[in-house]
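Taking it in order: structure first as structure tokens, then the write-up.
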Amino acid sequence: KELAYYEQLKAPETVVSSVLAMLHGWSQVGALLEDDEYDLIVRMRYDLLIQSKLNACHYDGLVIPLGQDYRDGINDQIAWGTPSAICTYCNLFNNVTSLVMSGVLFHPETLLHYHLRQCNVPINRVPFSYTICR
């Protein structure tokens with residue numbers, strides 16, 4: 001039922017089943033990180049070629065590179081930050097239905113942006129160079 005509901009409220013280029021599978025995977029990783037004590041956690045696509053040095057300076061919340069924001073969303077390709085911020089980031093799957101029911105477009109970057117705002121996660125945007133290897 002949820003798939004049919006999301007299909008009616010999605011961006012044209014969005015594949016609902018793929019987005020839900022991706023977000024479910026994020027949630028499983030986030031759950032694994034909740035009890036560990038790391039100073040910094042990086043969440044990124046596996047197919048990125050990093051061309052900048054990652055600034056591991058302590059920021060409050062998340063660091064997300066500038067650019068790659070689509071449809072009133074925020075870049076979902078790479079982020080790093082505190083364990084609690086990354087766990088919140090990875091927990092988007094559990095918030096999808098309430099976001100879509102409140103009128104947020106079913107689109108990965110859009111959902112992430114509204115999820116982070118709703119959870120009051122501080123976001124720091126920085127220049128950072130990388131490409132996707134396809």
Side-chain angles (χ1 to χ4, degrees):
K1 289 182 180 181
E2 285 185 354
L3 287 179
Y5 177 71
Y6 294 147
E7 285 291 337
Q8 298 172 355
L9 304 168
K10 72 176 187 74
E13 69 277 9
T14 301
V15 178
V16 171
S17 59
S18 295
V19 172
L20 290 174
M22 175 185 74
L23 297 180
H24 185 259
W26 289 10
S27 70
Q28 291 177 322
V29 170
L32 293 173
L33 299 172
E34 287 178 353
D35 296 330
D36 289 318
E37 294 185 23
Y38 297 100
D39 295 328
L40 177 78
I41 298 173
V42 178
R43 207 257 5 121
M44 62 182 272
R45 291 174 53 138
Y46 69 91
D47 58 350
L48 296 185
L49 175 63
I50 306 297
Q51 298 165 327
S52 292
K53 288 184 180 182
L54 189 141
N55 183 349
C57 292
H58 180 72
Y59 290 96
D60 182 32
L62 284 175
V63 180
I64 297 176
L66 291 165
Q68 306 301 315
D69 302 338
Y70 300 103
R71 294 194 173 270
D72 193 29
I74 195 164
N75 181 337
D76 67 348
Q77 298 169 355
I78 182 170
W80 59 94
T82 64
S84 64
I86 292 292
C87 285
T88 300
Y89 180 107
C90 289
N91 196 33
L92 168 57
F93 181 77
N94 296 320
N95 200 17
V96 169
T97 300
S98 66
L99 287 168
V100 173
M101 289 180 73
S102 72
V104 176
L105 179 69
F106 190 94
H107 179 266
E109 289 93 344
T110 309
L111 290 166
L112 179 61
H113 187 201
Y114 281 84
H115 169 69
L116 295 173
R117 283 199 326 200
Q118 187 178 68
C119 294
N120 296 313
V121 175
I123 300 170
N124 306 280
R125 302 301 301 267
V126 298
F128 188 76
S129 183
Y130 64 91
T131 57
I132 298 173
C133 299
R134 293 185 181 174

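Just so we're clear, the structure is a prediction, and the values are computed from it rather than from any experiment.
A salt bridge links Arg125 with Asp69: the closest approach of a Lys/Arg side-chain nitrogen to an acidic carboxylate oxygen falls below 4.0 angstrom.
Contact of the His115 side chain with the Thr88 side chain is registered, since non-hydrogen atoms from C-beta on lie closer than 4.5 Å. Side-chain contact check for Ile78 versus Arg43: every heavy-atom pair is 4.5 Å or farther apart. Counting heavy atoms from C-beta outward, Ser18 and Leu20 have side chains that stay 4.5 Å or more apart. Trp26 places none of its side-chain heavy atoms less than 4.5 Å from the side chain of Asn91. No side-chain heavy atom of Glu109 sits less than 4.5 Å from a side-chain heavy atom of Asn75.
For Tyr89 and Trp80, the gap between ring centers reaches or exceeds 6.0 Å.
Taking every heavy atom of both residues into account, Asp76 and Pro108 meet most closely at OD2-CB, 3.6 Å. Across every non-hydrogen atom of Val121 and Ala85, the tightest pair is CG1-CB, 4.1 Å. Across all their heavy atoms, Ala79 and Ile86 have their closest contact at O-CD1, 4.1 Å.
Tyr38 and Thr82 are not linked by any side-chain donor-acceptor pair at a separation below 3.5 angstrom, with hydrogens and angles left out of the test. Judged purely by distance below 3.5 Å, without hydrogens or angles, the side chains of Gln68 and Tyr70 pair a donor atom with an acceptor atom.
Thr110 places a side-chain N or O within donor-acceptor distance of the main-chain N or O of Arg71, the cut-off being under 3.5 Å. With Asn124 contributing its side chain and Asp60 its backbone, the two residues share a donor-acceptor pair below 3.5 Å. Judged by distance alone, the side chain of His107 and the main-chain N or O of Glu13 form no donor-acceptor pair under 3.5 Å. A donor-acceptor contact shorter than 3.5 Å is absent between the side chain of Ser52 and the backbone of Phe128.
When the side chains of ILVMFWY residues are joined at heavy-atom separations under 4.5 Å, either directly or via intervening members, Tyr5 and Leu3 end up in a single hydrophobic cluster. In this structure, Phe106 is not a member of the same hydrophobic cluster as Val15, with clusters built from ILVMFWY side-chain heavy atoms closer than 4.5 Å. In this structure, Val96 is a member of the same hydrophobic cluster as Met101, with clusters built from ILVMFWY side-chain heavy atoms closer than 4.5 Å. Side-chain heavy atoms closer than 4.5 Å link hydrophobic residues (I, L, V, M, F, W, Y) into clusters, and following such links, even through other members, never connects Leu66 to Ile123.
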* To do: Apply the test side chain to side chain contact (heavy atoms under 4.5 Å, CB included) to residues Leu99 and Asn95: give CA-CA distance (whole Å), side-chain angles for both, the deciding distance (0.1 Å), then the verdict.
  => CA-CA 6 Å; Leu99 287 168; Asn95 200 17; 3.9 Å; yes
* To do: For side chain to side chain contact (heavy atoms under 4.5 Å, CB included), just list the numbers for Leu92 and Val19, CA-CA rounded to whole Å, side-chain angles, deciding distance to a tenth of an Å, and then say yes or no.
  => CA-CA 11 Å; Leu92 168 57; Val19 172; over 6 Å; no
* To do: Start with the C-alpha gap between Leu105 and Asp72, add the side-chain angles, then the distance that decides, and say whether side chain to side chain contact (heavy atoms under 4.5 Å, CB included) holds.
  => CA-CA 9 Å; Leu105 179 69; Asp72 193 29; over 6 Å; no
* Asked: Is there a side chain to side chain contact (heavy atoms under 4.5 Å, CB included) between Ile50 and Met44 once you walk through the steps?
  -> CA-CA 10 Å; Ile50 306 297; Met44 62 182 272; 4.1 Å; yes
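Here the straight-line distance linking atom SG of Cys133 with atom CZ of Arg45 works out to 10.0 Å at 0.5 Å rounding. For the atom pair CD1 of Ile64 and CG of Leu116, the computed distance is 5.5 Å after rounding to the nearest 0.5 Å.
Classification of the His24-Phe93 ring pair by plane angle, with boundaries at 30° and 60°, yields perpendicular.
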